[in-house]
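Scroll down for the structure; my scribbles are underneath it.
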Amino acid sequence: MAPSISRGLLLLAGLCCLAPSFLAEDAQETDTSQQDQSPTYRKISSNLADFAFSLYRELVHQSNTSNIFFSPMSITTAFAMLSLGSKGDTRKQILEGLEFNLTQIPEADIHKAFHHLLQTLNRPDSELQLNTGNGLFVNKNLKLVEKFLEEVKNNYHSEAFSVNFADSEEAKKVINDYVEKGTQGKIVDLMKQLDEDTVFALVNYIFFKGKWKRPFNPEHTRDADFHVDKSTTVKVPMMNRLGMFDMHYCSTLSSWVLMMDYLGNATAIFLLPDDGKMQHLEQTLTKDLISRFLLNRQTRSAILYFPKLSISGTYNLKTLLSSLGITRVFNNDADLSGITEDAPLKLSQAVHKAVLTLDERGTEAAGATVVEAVPMSLPPQVKFDHPFIFMIVESETQSPLFVGKVIDPTR
């Protein structure tokens, strides 16, 4: 192939979340070995939150009638890793599109922060199962720049694999098997098709599985109505529990705010707007409000109704991220010469898939009984029986792992 023609590079950001896991009330201790890294965590966490909100709003702009579920952590990790092999305006666009202000945070600090963040997320002693992985799939005849290989390995704990991309079916199988294994079978066939000129693929996945700290009793789950909109109602299995919850009504958002804990170091924040107030919620919600909710938790008794659901999102990041200013990496002006000097590269495909399951116990094997004291007076009923937004945040780093919007839990 003539050297003036860009060869194809494929980036896949894949996620599986099986019953999310959230900031536990008893998980407030700080690992002393991580204390000196805390300032860097805070910097990158703020950027991740900005990116999460930007991408969410772009998805809403494209369609306000569809479920949304994605991992800002997965997408930013993959593209930050890719930026190590980019140069000039290509690199600048990628990092600024990920909401990093390069005048406020040195580029080296961004990659150092991801290094510490991934170390924390993959900590083996955590009560929740949270694993991330990064894979480089390189055409067997392609020689990567040694500095790039070293930096992605040191900062992003990446593995490198030699693949024969001339056999597209075999290359797809190798990539899909890697993701399927890393997500314990929850994401299969992530790569549907492979451009014929692809010579390099970068893959990121996150697998997350946890146990509710206070599980629901499956015997209490009943079919109930979920109001998709004024004219559409669907039947869903509705969990319910009387107990003490971190829940309050936020007049600023015109929404109920519910925080639910899993065993381990993460928290889910669910936001249920008043009727007709979804757009107001989306326009008013900020990362500062989320931070305030996490710091000022309010416990009250309630009868909570919450739908069991399984939703997923699959996104063409080339389309999405172009709207956020990341364009050059996808065209023939891309400068990815930090990856390989063999031939010019451009990013031909970028795919992200996310899967979420919410049920009574959090995992198939979880078995727990919780007895709680509640006031004698009749507590309020809070029913998540119409569209709502949620975010899952890792506690130690305060980083948003997943963001979602449930319009129709039966889809």
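In what follows, residues are counted from 1 in the order of the sequence shown.
When all heavy atoms of Ser337 and Val145 are compared, the closest pair comes out as O-CG2, 3.9 Å. For Ala350 against Phe79, the heavy-atom pair with the smallest separation is CB-CZ, 4.1 Å. Residues Pro307 and Val236 come closest through the heavy atom pair CB-CG2, 4.1 Å. Shown here for Leu118 and Asn155, the closest heavy-atom pair between the two residues is CD1-O, 4.1 Å. Among all heavy-atom pairs drawn from Asn101 and Asn47, the shortest one is N-ND2, 4.5 Å. Between Phe51 and Thr76, the closest heavy-atom pair is CD2-CG2, 3.4 Å.
How far CG of Leu98 is from CG of Leu48: 9.0 Å, rounded to the nearest 0.5 Å. A distance of 12.0 Å separates CG of Leu59 from CG of Asn64, quoted to the nearest 0.5 Å. Rounded to the nearest 0.5 Å, atoms CZ (Phe148) and CG (Leu84) are 6.5 Å apart. Taken to the nearest 0.5 Å, the NZ atom of Lys172 stands 10.0 Å off from the CG atom of Asp167. Going from atom CZ of Phe137 over to atom OG of Ser162 covers 11.0 Å, rounded to the nearest 0.5 Å. In this structure, Met278 CE and Ile407 CD1 are separated by 5.0 Å, a value rounded to the nearest 0.5 Å.
Between the side chain of His248 and the backbone N or O of Leu258, no donor-acceptor pair lies under 3.5 Å. Put simply, the side chain of Asp274 never gets that close to the backbone of Lys277: no donor and acceptor are under 3.5 Å apart. In this structure, Gln381 contributes its side chain and Ile303 its backbone to no donor-acceptor pair below 3.5 Å. Under the 3.5 Å distance criterion, the side-chain polar atoms of Arg91 are matched with a main-chain donor or acceptor of Ser86. Using a distance-only test at 3.5 Å, with no hydrogens or angles considered, a donor-acceptor pair links the side chain of Tyr315 to the main chain of Phe69. Of the possible donor and acceptor atoms, none in the side chain of Asp223 sits under 3.5 Å from a partner among the backbone N and O of Met238. Between the Thr198 side chain and the Leu194 main chain, no donor and acceptor come within less than 3.5 Å of each other. Between the side chain of Asn67 and the main chain of Val406, no donor-acceptor pair closer than 3.5 Å is present. A donor-acceptor distance shorter than 3.5 angstrom exists from the side chain of Asn296 to the backbone of Arg292, with no hydrogens or angles considered.
For Phe270 and Phe306, the distance between ring centers is under 6.0 angstrom. Between Tyr178 and Phe161, the ring center distance clears the sub-6.0 Å criterion. Ring centroids of Tyr156 and Phe114 are separated by less than 6.0 Å, placing the two rings close together.
Side-chain contact between Val393 and Leu401 is absent, with no heavy atoms from C-beta onward closer than 4.5 Å. Residues Leu117 and Ser399 meet the side-chain proximity criterion, which asks for heavy atoms closer than 4.5 Å. With a 4.5 Å cut-off on side-chain heavy atoms, Met247 and Trp256 count as touching. Using a 4.5 Å heavy-atom cutoff, the side chains of Ile68 and Tyr56 are in contact. At a threshold of 4.5 Å between non-hydrogen side-chain atoms, the residues Leu294 and Met259 count as touching. Within the 4.5 Å cutoff, no side-chain heavy atoms of Asn164 are placed close to those of Glu170. Using a 4.5 Å heavy-atom threshold, the side chains of Pro273 and Ser254 count as separate. Using a 4.5 Å heavy-atom threshold, the side chains of Met191 and Val179 count as separate.
In Gln279, the CD atom is not crowded: 12 or fewer heavy atoms of neighbouring residues, nucleotides or ligands sit closer than 6.0 Å.
Between Lys92 and Asp89 there is no salt bridge, since none of the side-chain N atoms of the basic residue sits less than 4.0 Å from a carboxylate O of the acidic one.
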Evaluation steps, side chain to side chain contact (heavy atoms under 4.5 Å, CB included), between Ile75 and Leu317: CA-CA 9 Å; Ile75 297 169; Leu317 296 181; 4.0 Å; yes
Worked check of side chain to side chain contact (heavy atoms under 4.5 Å, CB included) between Phe200 and Leu142: CA-CA 8 Å; Phe200 175 75; Leu142 192 70; 4.3 Å; yes
CA sep, side-chain torsions, deciding dist, call: Asp225, Asp385, side chain to side chain contact (heavy atoms under 4.5 Å, CB included): CA-CA 7 Å; Asp225 288 339; Asp385 61 357; over 6 Å; no
Asp335 and Lys87: CA distance, side-chain angles, deciding distance, salt bridge (charged side-chain N to carboxylate O under 4.0 Å, His left out) verdict: CA-CA 6 Å; Asp335 186 347; Lys87 295 181 180 179; 5.7 Å; no
Asp197 vs Phe165, side chain to side chain contact (heavy atoms under 4.5 Å, CB included): CA-CA, chis, key distance, verdict: CA-CA 8 Å; Asp197 62 348; Phe165 279 101; over 6 Å; no
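A donor and an acceptor atom, one from each side chain of Thr286 and Asp288, are nowhere located under 3.5 Å apart. In summary, the side chains of Ser71 and Ser74 do not present any donor paired with an acceptor at a separation below 3.5 Å, with no hydrogens or angles considered. With hydrogens and angles left out, the side-chain atoms of Ser322 and Thr327 include no donor and acceptor closer than 3.5 Å.
Residues that satisfy the side-chain hydrogen bond (donor to acceptor under 3.5 Å, both in side chains) test with Lys287, not counting sequence neighbours, are Ser46, Asp50. Annotation: side-chain hydrogen bond (donor to acceptor under 3.5 Å, both in side chains) contacts of Thr233 (sequence neighbours excluded): His227. By the side-chain contact (heavy atoms from CB on, under 4.5 Å) test, Asn141 pairs with Asn139, sequence neighbours left out. In this structure Arg57 satisfies the side-chain contact (heavy atoms from CB on, under 4.5 Å) test together with Phe53, sequence neighbours excluded. Evaluation of the side-chain contact (heavy atoms from CB on, under 4.5 Å) rule for Thr252 yields Cys250, Thr284 as partners, not counting sequence neighbours. Contacts of Asp177 classified as side-chain hydrogen bond (donor to acceptor under 3.5 Å, both in side chains), with partners at least two apart in sequence or in another chain: Lys173.
Phe70 and His352 have perpendicular rings, their planes meeting at more than 60° on a 0 to 90° scale where under 30° would count as parallel. Using the six-membered ring where Trp is involved, Phe388 and Phe390 have ring planes that are tilted, between 30° and 60° apart.
A side-chain contact (heavy atoms from CB on, under 4.5 Å) with Met239 is found for exactly one of His220, Lys308, Arg222, namely Lys308.
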